[in-house]
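Read the structure below first, then the notes.
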Amino acid sequence: MAILKVVHFPDDRLRCKCRPVEVIDDKIKTLAADMFETMYHDEGIGLAAPQVGLKIRMVVIDIPGDDGEQGKPENQVVLINPEITAREGEVLSTEGCLSVPEYNAEITRSEKVQVKALNLNGEEVTYDAGGLFAICLQHEIEHLDGTLFIDHLSALKRGMLLKKYTKLKKEAKRSGVEY
Ligand code: NI
């Protein structure tokens, strides 16, 4: 297993429309394990393939249980070629993203979603999700079409963020730090 490099906003790789996974082979299974490891390392609850620079429709999610623990196999969700097939209600959600470090904002999401996908065994799975899982599903699946949670903010706020993160990136580059 390996910790992968997380791509940070602004980066064109976060803006791609990803292609479906066609074959679920050992490479995909290793990638899923690496994505979980990367996500735990960066203290996230969800990670989409474009966030590690891959243009494929694949997401991993692990919502901590009541004990706050992650990494239990029964809570680890791998979604291949996921699609939101139904939505219900509206809810305010305070979100962050591993690709937009140290920033949180409140946006509106659907309260409940139904998602269909394939799992790592190539089986069709359906999730009827509410709560944090529903939010996370929407956030991660949007990544696969190049949408970030900050795209739900006003143009003014997005403009400020673009400026701030472009500057951070330049500063990191100048001082030779990987960002
Ligand atoms: Ni994200």
Side-chain angles (χ1 to χ4, degrees), residues 4 6-7 9 11-36 38-40 42 44-66 70-100 104-154 158:
L4 307 171
V6 173
V7 175
F9 170 79
D11 190 305
D12 290 345
R13 287 172 290 177
L14 294 169
R15 294 309 194 179
C16 291
K17 185 160 172 66
C18 298
R19 62 173 192 277
V21 174
E22 272 163 28
V23 187
I24 302 169
D25 53 12
D26 285 348
K27 250 167 104 177
I28 291 290
K29 288 174 188 168
T30 303
L31 175 62
D34 288 348
M35 283 173 67
F36 275 117
T38 305
M39 183 181 88
Y40 298 140
D42 283 13
I45 58 171
L47 190 70
Q51 293 184 273
V52 292
L54 298 169
K55 292 181 197 174
I56 56 170
R57 304 188 80 81
M58 178 165 160
V59 157
V60 301
I61 292 175
D62 185 348
I63 307 287
D66 292 337
Q70 285 182 302
K72 292 180 186 156
E74 65 268 28
N75 291 337
Q76 290 183 322
V77 175
V78 180
L79 300 171
I80 294 166
N81 305 339
E83 266 178 65
I84 296 175
T85 46
R87 296 175 177 271
E88 202 186 303
E90 257 189 19
V91 69
L92 283 175
S93 149
T94 302
E95 296 182 23
C97 178
L98 296 183
S99 293
V100 188
N104 293 289
E106 194 174 64
I107 62 169
T108 304
R109 292 283 190 195
S110 300
E111 192 177 7
K112 294 179 183 171
V113 288
Q114 184 183 68
V115 169
K116 289 188 192 297
L118 297 176
N119 66 16
L120 272 185
N121 299 320
E123 299 152 348
E124 245 184 70
V125 286
T126 303
Y127 290 97
D128 288 297
L132 186 55
F133 187 36
I135 300 289
C136 193
L137 283 165
Q138 293 169 75
H139 178 119
E140 299 310 329
I141 292 171
E142 275 188 353
H143 269 297
L144 305 179
D145 290 312
T147 301
L148 302 173
F149 81 104
I150 55 173
D151 298 333
H152 294 272
L153 302 173
S154 69
R158 263 184 291 132

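A salt bridge does not link Lys27 with Asp25: every distance from a Lys NZ or Arg NE/NH1/NH2 to an Asp or Glu carboxylate oxygen is 4.0 Å or more.
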> After noting the C-alpha distance and the side-chain angles of Leu4 and Leu31, does the key distance pass the side chain to side chain contact (heavy atoms under 4.5 Å, CB included) rule?
Replying inline: CA-CA 9 Å; Leu4 307 171; Leu31 175 62; 4.0 Å; yes
> Does the pair Asn119 and Ile80 meet the rule for a side chain to side chain contact (heavy atoms under 4.5 Å, CB included), with working shown?
Replying inline: CA-CA 6 Å; Asn119 66 16; Ile80 294 166; over 6 Å; no
>> Is there a side chain to side chain contact (heavy atoms under 4.5 Å, CB included) between Ile45 and Asp62? Walk through the geometry before answering.
In response: CA-CA 5 Å; Ile45 58 171; Asp62 185 348; over 6 Å; no
>> Evaluate Leu79 against Leu137 for side chain to side chain contact (heavy atoms under 4.5 Å, CB included), listing each step before the verdict.
In response: CA-CA 9 Å; Leu79 300 171; Leu137 283 165; 3.3 Å; yes
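A search for side-chain contact (heavy atoms from CB on, under 4.5 Å) contacts involving Glu88 returns Lys112, not counting sequence neighbours. Evaluation of the side-chain contact (heavy atoms from CB on, under 4.5 Å) rule for Glu22 yields no partner, not counting sequence neighbours. Scored by the side chain to side chain donor-acceptor pair (under 3.5 Å) test, Arg87 finds Ser110, Gln138 as partners (sequence neighbours excluded). Looking at residues two or more places apart in sequence or on another chain, you find a side chain to side chain donor-acceptor pair (under 3.5 Å) between Ser93 and Glu95. Partners of Asp151 according to the side chain to side chain donor-acceptor pair (under 3.5 Å) rule, which considers only residues two or more places apart in sequence or in another chain, are Arg15.
Across every non-hydrogen atom of Gly46 and Cys136, the tightest pair is CA-SG, 4.0 Å. The shortest heavy-atom contact between Cys97 and Phe149 is CB-CE2, 3.6 Å. The shortest heavy-atom contact between Glu106 and Leu92 is OE1-CD1, 3.8 Å. When every heavy atom of Ile56 is checked against every heavy atom of Ala49, the shortest pair comes out as O-CB, 3.3 Å. Across every non-hydrogen atom of Ser99 and Val6, the tightest pair is OG-CG1, 4.0 Å.
Side-chain contact between Thr38 and Leu47 is present, with at least one heavy-atom pair separated by less than 4.5 Å. Side-chain contact between Ile84 and Gln114 is absent, with no heavy atoms from C-beta onward closer than 4.5 Å. Taking the side chain as every heavy atom from C-beta outward, Cys18 and Pro50 approach each other to under 4.5 Å. Residues Val113 and Phe133 form no side-chain contact, since every pair of their non-hydrogen atoms from C-beta on lies 4.5 Å or further apart. In this structure, the side chains of Leu118 and Val21 stay at 4.5 Å or more apart for every pair of heavy atoms. By the 4.5 Å heavy-atom criterion applied to side chains, Asn75 and Gln70 are not counted as neighbours. Two residues are said to be in side-chain contact when any heavy atoms from C-beta on lie closer than 4.5 Å; Gln51 and Val7 fail this criterion. Residues Val78 and Val59 are not in side-chain contact: their nearest non-hydrogen atoms beyond the backbone lie 4.5 Å or more apart.
Around atom NZ of Lys29, more than 12 heavy atoms belonging to other residues, nucleotides or ligands sit under 6.0 Å away. No more than 12 heavy-atom neighbours from other residues, nucleotides or ligands sit within 6.0 angstrom of CD on Glu124. Within 6.0 Å of atom CD in Glu83, 12 or fewer heavy atoms from other residues, nucleotides or ligands are found, so the atom counts as exposed in its surroundings.
For the residue pair Glu90 and Thr108, no side-chain donor N or O sits within less than 3.5 Å of a side-chain acceptor on the partner.
Expressed to the nearest 0.5 Å, how far CD1 of Ile61 lies from CD1 of Ile135 amounts to 11.5 Å.
For residues 127-147, every residue pair satisfying the salt bridge (charged side-chain N to carboxylate O under 4.0 Å, His left out) rule, not counting sequence neighbours, is listed here: Lys17-Asp145, Arg57-Asp145, Arg109-Glu142.
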